[in-house]
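Working notes for the structure below.
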Amino acid sequence: MRRLRSGTVVLGGVSVLAATLTACGSEPDRRCVDPVTYKELPDYKCESDGDGSSTSGRYYYGGSVSGGRASGGSFDKSAVDSGGFGGGSSSSGG
């Protein structure tokens, strides 16, 4: 009996851990940013019209915005999309 109970507790703990990891592995924050000035722009500045025309902004992932300028993230989604505990953020010297 004791062995069955400990197995049940372990399985319950694994379920809770899996749910926590799934929640942390969500998409990183995304904002539209001018790639030269890092100034935050409205989302429509990053969306194309479907005719192949270029836009003035690019999506910037992770990081934060202070004084209207983004920092601490990346234009490369995969650079900040590592998931896990802590949301996959890292510091950079940039």
Side-chain angles (χ1 to χ4, degrees):
M1 281 269 214
R2 195 176 250 174
R3 194 169 197 176
L4 179 62
R5 282 186 190 163
S6 65
T8 303
V9 170
V10 169
L11 288 175
V14 169
S15 298
V16 170
L17 179 61
T20 302
L21 290 175
T22 301
C24 288
S26 62
E27 294 288 312
D29 289 342
R30 176 180 86 167
R31 58 190 50 88
C32 187
V33 170
D34 181 303
V36 176
T37 65
Y38 286 75
K39 183 179 176 187
E40 190 170 24
L41 301 171
D43 279 341
Y44 72 86
K45 294 279 190 174
C46 285
E47 297 167 1
S48 75
D49 296 334
D51 62 359
S53 62
S54 62
T55 59
S56 58
R58 290 181 56 201
Y59 282 116
Y60 188 81
Y61 299 93
S64 62
V65 175
S66 178
R69 297 188 189 278
S71 65
S74 175
F75 289 107
D76 180 8
K77 180 181 175 185
S78 64
V80 295
D81 193 21
S82 60
F85 297 112
S89 64
S90 62
S91 61
S92 63

Show the atom names and distances, to 0.1 Å, of all donor-acceptor pairs under 3.5 Å that link a side chain in residues 62-71 to residues at least two apart or in another chain.
{"unit_1": "Arg69", "atom_1": "NH1", "unit_2": "Thr37", "atom_2": "O", "d": "2.9"}

Checklist entry - Of all heavy-atom pairs between Pro35 and Ser56, which one has the smallest distance, and what is that distance? => result CD-O, 3.5 Å

Next on the checklist: Once ring-ring contact (aromatic ring centres under 6.0 Å, His included) is applied, do any residues pair with Tyr38, and if so which ones, sequence neighbours excluded?
Outcome noted: Tyr60, Phe75

Item to check | For Leu41, the rest of its hydrophobic cluster, which grows through side-chain links under 4.5 angstrom | outcome: none

Item to check | Any residue meeting side-chain contact (heavy atoms from CB on, under 4.5 Å) with Asp29, in chain and number order, not counting sequence neighbours | outcome: Arg31

Checklist outcome for this item: Rounded to the nearest 0.5 angstrom, the CD-CG distance for Glu40 and Asp34 is 12.0 Å

Checklist entry - Any idea which heavy atoms bring Cys46 and Gly57 closest together, and the distance? => result SG-C, 3.4 Å

